[in-house]
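Have a look at the structure below before the remarks.
What you see is a predicted model, and the numbers here were worked out from it, not measured in a lab. Side chains are part of it too, since the values below use all heavy atoms of this structure and drop only hydrogens, waters and symmetry mates. Numbering of ligands and ligand atoms starts at 1, following listing order.
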Amino acid sequence: MKLIFLIGLLTQALFADSLDRRVEQLHDVIISIDTHNDFAMNYAFPGMETTVAKGQVSFELMKEGRLDGAFFAAYQAQGPCTEEGHVQAKFLADSMLLSLHRYAAEHEHLGAVAYSVEDVMALKAQRKAAMLLSIENAYCMGEDISLVEHYYNLGVRMVGLTHNGDNCIADAATDTTRTHGGLSPFGRQVIEEMNRLGMIVDVSHASREACLQSVEWSKTPIMASHSGVYALKPIPRNLTDKEIIAIAEKDGLIQISIGRYFLSTLPRAEVGIPHLIEHINYVVDLVGIDHVGIGSDFDGGGGIVGVEDMGKMKAITRALLEEGYSPREIGKLWGDNVLRLLEAARKYAESF
Ligand SMILES: [Zn+2]
């Protein structure tokens with residue numbers, strides 16, 4: 001009896017070891033990209049009060065978790081849509097983007113800012129982290145269309161239209177008064193300009209109307225960089241089947257957030273990888289593996305049991321293998337889908 005027990009333990013250990021090895025081998029060949037974190041705010045303004053955990057994001061943690069790339073967002077909370085409010089928002093976004101460039105320069109032995117698919121691939125070959133830049137809340141553009149190019153020139157390749165609350169560009173999913181009934185005329189111009197330059201439109205935080213109108217208006221596939229599935233957790237920030245299908249039909253992406261807020265109503269201590277997998281499976285069943293990925297929201301409220309920071313990302317890969325996803329499917333989910341959107345945005349821009 002004892003012997004059988006020992007053999008059982010040994011088999012278990014060997015199996016676990018081989019699964020860990022498969023995870024490592026898989027990460028040697030795939031590209032993994034997380035499409036949202038809020039590292040920048042705290043890094044640029046370390047004295048700022050915050051209600052969420054920080055320290056979940058760094059190049060060191062990316063290396064530990066075998067995460068090849070991540071979109072680092074310059075976030076601003078929504079304030080009044082006045083000239084003064086817009087000046088302040090631009091100051092915050094500019095400061096955060098410059099801080100991110102400084103972070104990359106100071107950690108050049110570990111990573112660098114990436115502007116294209118080629119940059120991500122080259123950094124992967126050097127075993128370095130790729131820092132992709134994004135904006136969370138186009139409030140910083142105020143009503144000045146020239147600022148789209150200003151942010152492109154600062155390296156931004158994806159722009160989230162809103163945060164909590166409507167701005168001059170679009171209505172938000174939360175704290176909204178349906179100012180525009182979706183996108184404003186200026187918001188449509190901003191999307192046209194983003195298409196012209198080669199930036200991805202991000203509809204996480206946008207209202208349902210703004211999301212569906214963005215799908216229609218954008219010439220290139222759009223992304224929800226950090227959201228969840230409404231059918232599994234009905235909150236305004238999560239996407240309905242209608243939105244998921246609309247985004248996917250235009251070849252876009254639904255990136256599931258690694259946060260209790262999006263995934264489950266259970267207490268924080270009880271929300272873990274199975275809940276994340278449940279949301280991923282739902283999107284896969286509805287629209288397929290080509291339209292799903294991961295957007296952690298680390299340093300902005302993200303983190304679940306088993307994936308507390310970027311250093312733990314491999315646990316997701318392990319769970320996906322256990323769930324029966326093939327290496328090719330995991331490659332798509334982790335990064336190929338994101339690279340496809342980056343490339344589509346650039347290709348379209350090159351046609352001008
Ligand atoms: Zn967010």
Can you confirm whether the side chains of T317 and H27 place a donor and an acceptor under 3.5 Å from each other?
yes
Working for side-chain contact (heavy atoms from CB on, under 4.5 Å), residues R340 and D251:
CA-CA 9 Å; R340 184 183 79 235; D251 207 28; 3.1 Å; yes
Check step by step if salt bridge (Lys or Arg N to Asp or Glu O under 4.0 Å) holds for D68 and K124.
CA-CA 6 Å; D68 301 310; K124 167 86 178 179; 3.1 Å; yes
Considering only distance and modelled atom types, tabulate donor-acceptor pairs under 3.5 Å from the side chains of residues 97-104, sequence neighbours left out.
unit_1 : atom_1 : unit_2 : atom_2 : d
S99    : OG     : S95    : O      : 3.0
H101   : NE2    : L154   : O      : 2.8
Y103   : OH     : F59    : N      : 3.0

Below the 2.8 Å mark, what number of protein N, O or S atoms do you get around the Zn ion (ligand 1)?
3
More than 12 foreign heavy atoms under 6.0 Å from CZ of F45: is that the case here?
yes
Checking N195 against S218: is there a side-chain donor and acceptor pair closer than 3.5 Å?
yes
